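Data block below; observations after.
None of these values were measured; they are calculated from a predicted model. Both ligands and their constituent atoms are indexed starting at 1 by order of listing.
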Amino acid sequence: MEIQIFKTLQELNQSFTEWLQEILNNKESITIALSGGSTPKSLFNFWSDLPESEIDWNKIKFFWGDERCVPPSDAESNYKMTMDHLFNNINIPQENIFRIRGENNPSNEAKVYGDLLNQEIEVVNGVPTFDIIILGMGDDGHTASIFPHEIELWNSNYNCIVATHPETGQKRVSLTGKVINAAKNVAFLVTGENKADKIKEIIENPEESDKKYPAALVQPESDKLLWFLDEKAAGKLTGNS
Ligand code: 6PG
């Protein structure tokens, strides 16, 4: 586990992009699963403002770690957020974008997307293996759309499952721990003071945390887990990790 802490989002986005380019420079093409919610907007805006040729988007196939079960035009859609903050602003071939169809029946879409992963990305020991999975973390310790009240979904044998938001009841399609922990590189992007308590618990007290918080169960077999934090989210870390 590597932890990088940044004073500003600009510095975090710059460092994350250099990390991505390092991986991209060493491969013909890569597969990335994106996180949703609001945190990635800053990174996507940063990528949108880069000079045209800075990142060869043709080399990247984009997927999602989770999606809300809403139409792609809905304000809640992670796909819509990514279109608005990134894809509408860069030259990315449509065939490189593999969205989870939030408008479809959730159980059916979880199966369809799980099968699509087996077709579209590298499969290692029977598990679809992303080059990079970007994850966010909720202030309740959820990640992707695996929430604490349904933490057993993390251990599903499926590639994707249907989850339920604990407050709104909104249905979500989410990758499971099997796929997340098979990724070659996993990067948490976590910013803001409201995440500081869980960041401290998960990083400084992993034994307790991995019983309660899905984000604590992110332990890729590759050992390539990076935390990109701003100072606010890292504000309660004491350096004992
Ligand atoms: C989603 C995300 C989810 C998100 C966290 C953090 O669909 O909401 O994939 O896992 O990363 O909830 O959300 P914020 O970035 O909005 O704090």
For [Y], is there any backbone N or O sitting under 3.5 Å from a side-chain donor or acceptor partner on [X]?
| X | Y | result |
| --- | --- | --- |
| K59 | L24 | yes |
| T129 | V127 | yes |
| S209 | A216 | no |
| S77 | S73 | no |

Between the protein and ligand 1, which nitrogen or oxygen pairs come in under 3.5 Å, and how far apart is each?
residue	atom	partner	partner atom	Å
ligand 1	7 (O)	D66	OD2	2.8
ligand 1	7 (O)	R68	NE	2.9
ligand 1	7 (O)	N78	ND2	2.9
ligand 1	8 (O)	R68	NH2	2.7
ligand 1	9 (O)	G36	N	3.1
ligand 1	9 (O)	D66	OD1	2.7
ligand 1	9 (O)	D66	OD2	3.0
ligand 1	10 (O)	A144	N	3.4
ligand 1	10 (O)	A144	O	2.6
ligand 1	12 (O)	H142	NE2	2.7
ligand 1	15 (O)	S38	N	3.3
ligand 1	15 (O)	T39	N	2.8
ligand 1	15 (O)	T39	OG1	2.6
ligand 1	16 (O)	S38	N	2.8
ligand 1	16 (O)	S38	OG	2.7
ligand 1	17 (O)	K195	NZ	2.7

Q. Taking the six-membered ring for Trp, are F44 and F87 ring centroids under 6.0 Å apart?
A.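 Ring centroids of F44 and F87 are no less than 6.0 Å from each other.
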
Q | Residues E67 and R172 bridged, charged N to O under 4.0 Å | A |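 Looking at E67 and R172, the cut-off is not met.
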
